[in-house]
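Quick note on labels: first sequence line is chain A, next is B, and so on, each numbered from 1. Because only heavy atoms are used, hydrogens play no part in the values below, and waters and symmetry mates are left out as well, while side chains stay in.
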Amino acid sequence: MSVAEAAAPGRDFIRDIVQADLDAGRYETVVTRFPPEPNGYLHIGHAKSICLNFGVAEEFGGRCHLRFDDTNPTKEEQEYIDAIERDVRWLGFDWGKHLYHASDYFEQLYQWAEDLIRDGKAYVDDQSQHDMRANRGTLTEPGRNSPFRDRTAEENLDLFRRMRAGEFPNGARVLRAKIDMGSGNINLRDPVLYRILHATHPRTGSTWSIYPSYDYAHGQSDAIEGITHSICTLEFEDHRPLYDWFLDNIKVPSHPHQYEFARLNLTYTILSKRVLTQLVRDGYVSGWDDPRMPTLAGLRRRGVPPEALREFVRRIGVAKANSVVDIGMFEHAVREVLNKTAQRRMAVLRPLKIVIENYPEGQTEELDAVNHPDDPTAGTRKIRFGRELYVERDDFMENPPKKFFRLSPGKEVRLRYAYFVTCREVVKNAAGEVVELRCTYDPATRGGNAPDGRKVQATLHWVSAKDSGPAEIRLYNSLFLSPSPDPTNFAADLNPNSLEVLTDARLEPALAVLGNSPEPVQFERQGYFCPDQDSKPGKLVFNRTVGLRDTWAKVSGATVSGANVSGAKGA
RNA sequence: UGGGGAAUAGUUCAACGGUAGAACAGCGGACUCUGACUCCGUUAAUCUAGGUUCGAAUCCUAGUUCCCCAGCCA
């Protein structure tokens, strides 16, 4: 083993298992699969699974299939199928020609079910749903056998074929495996293999009136595709004996193995398809791609780069312990990528007008600004300075606390790339609100440095009043107030300030070219932003992907509505 | 009183009988034309009790706590 290999051992228990299997020669090629049900959009939790499955395949020279687990036509839609493919690609993974559907195997699955019947290992049950539940027993009491459990193979076959033929209404009968009604594992108490569903399937249309259950379809689909490592989440752990039972009792072409890992949970976030669907359906958000949603579509629209998602997933690791990851860890990954890639621009979110009294009326001049402080190849751009400017309202305080470095009466600060200015006078309206600042500038400080070497405590971003353009800026905060929102009562926990729309922001002209391109950009001292698809010529809309780390907010104890903030303060 | 899992810094993950380590968060400092970035330093953990062993986070025993399972959802 090389030093490099020794220094980078299998990073998690799944990769350890795969490595061991390969070392032992149990498989030639690793084959994994990502098996979404197309009943909703993919979210950041799925990203963990996608990165795991595709990542393992990639790292060990194998392949990963994308397989739609489309066994329930009452919940699945083509829109979701399309969205899932789009999102997996966007995340950066490629299934090549290995695109499959459980529905591709319906006929084979059906034939195997007949085999089970002929072997006396499956039977048609006429019990009502109510009776079935009653006879299933409880967690502590065994179930009771169905009165239909001992039908002959012939009778079962006849009934099952008539189920397929559509002779019975929904719910009239089911096909069940004959395993053990007394098992402590409820999944083994004669699980349902097929139920009658007169529904139109996105792919098979109305050719079927019975559909296989997840348990019956999943393992056999894995076996058909030659999956070696079938990786799923913890809640399927006690399905594994059933997964194996099918593979042991059916003549399948291979016997994959199921391994379970802990799904992702995030603070201030709900990752439940049920809840996410409800947020969309009930209009709490604008859609599956609302930038506040933890969906891949939402994160994409918000401006999160796929690399950041992958890096985040890599860092949180894979284990079997239930856990909740601090959303701050995700934000850190986003900032890390964007800091390297996003060009810098100046934008004033909440404008406060300032007039440079000693700057000649009507005069303007161009100054150089760098596009990326750590990347000279990003070049520079010209920005126009003039007598009337806008600065950020938050950058002025009439009665500042001692640690406030920014503008206040009598205080000198630097306007980035431009001049030192000093606040001379505060203009207020009748209501006593500050509406304008009268300032002076020092012509000797052109470019941002004083020849006499004097320093200022702060550098502010600014835009020219005349030469800046208007924009709408959407600030996002967490959708929920609680660090651990309750999925069963999420509505009460909704953050009223999850979306804040700023309609009179001012952008430096160089931002106009960004227009509808999805390029991320850093508004200096504010955060990372990206143009939203709602942008129109003449009306730019920007989404805040994530704010910059803000030490001042912490020092000043400023209230942050809802929070971009994360991590509870230690007591 | 059934079955299946999991317990390591505040959080997430390592350590696979041999010095408990990383990332995020926190704190302190340096740097700075972004209170950003970067850099340096630093606080902080093996669920409990026994046992085996020269040596235990790791093995054994007994507990404790938490999670999942009673869909014709996945």
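Spacing of P atoms, U64(B) relative to A23(B), comes out at 38 Å, to the nearest Å. A20(B) and A45(B) have their C1' atoms separated by 9 Å, given to the nearest Å. Using atom C1' as the reference point in both C24(B) and U43(B), the two lie 15 Å apart (nearest Å). Here, C40(B) and C31(B) have their C1' atoms 11 Å apart, quoted to the whole Å. For C16(B) and G26(B), the P atoms lie 31 Å apart once the distance is rounded to whole Å.
Checked by atom type, the side-chain pair Ser146(A)/Asp125(A) shows a donor-acceptor distance below 3.5 Å. For Glu524(A) and Gln522(A), the side-chain atoms include no donor-acceptor pair closer than 3.5 Å.
A donor-acceptor contact under 3.5 Å links the side chain of Arg406(A) to the base of G35(B). A donor-acceptor contact under 3.5 angstrom links the side-chain atoms of Gln522(A) to the base of U34(B). Side-chain atoms of Asp16(A) come within donor-acceptor range of the base of C16(B), with a qualifying N/O pair under 3.5 Å.
OP1 or OP2 of C13(B) sits under 4.0 Å from a side-chain N or O of Ser323(A). The phosphate of U34(B) (OP1 or OP2) has no side-chain N or O of His461(A) nearer than 4.0 angstrom. The side chain of Arg176(A) places no N or O atom within less than 4.0 Å of a non-bridging phosphate oxygen (OP1 or OP2) of C72(B). In this model, the phosphate group of A25(B) is not approached by any side-chain N or O of Arg315(A) to a distance below 4.0 Å at OP1 or OP2. Taking 4.0 angstrom as the limit, Ser213(A) places none of its side-chain polar atoms (N or O) nearer than this to OP1 or OP2 of G71(B). Of the side-chain N and O atoms in Lys273(A), none sit less than 4.0 angstrom from OP1 or OP2 of C73(B). Residue Arg195(A) places at least one side-chain N or O closer than 4.0 Å to OP1 or OP2 of C73(B). Checking the phosphate oxygens (OP1, OP2) of G5(B), no side-chain nitrogen or oxygen of Arg263(A) falls inside 4.0 Å. A close approach under 4.0 Å does not occur between any side-chain nitrogen or oxygen of Thr71(A) and OP1 or OP2 of C73(B).
Residue Arg416(A) is classed as a base contact, given a heavy-atom separation below 4.0 Å to a base. The residue Pro373(A) sits close to a base: some heavy atom pair falls under 4.0 Å.
In this structure, the NE2 atom of His43(A) is 16 Å from the P atom of A74(B), given to the nearest Å.
An aromatic stacking contact between Tyr214(A) and the base of A74(B) is absent, as defined here by ring centres under 5.5 Å apart and ring planes under 30° from parallel.
Listed by residue number, the members of residues 177-192 of chain A with any heavy atom below 4.0 angstrom from RNA chain B are Gly184(A), Asn185(A), Ile186(A), Val192(A).
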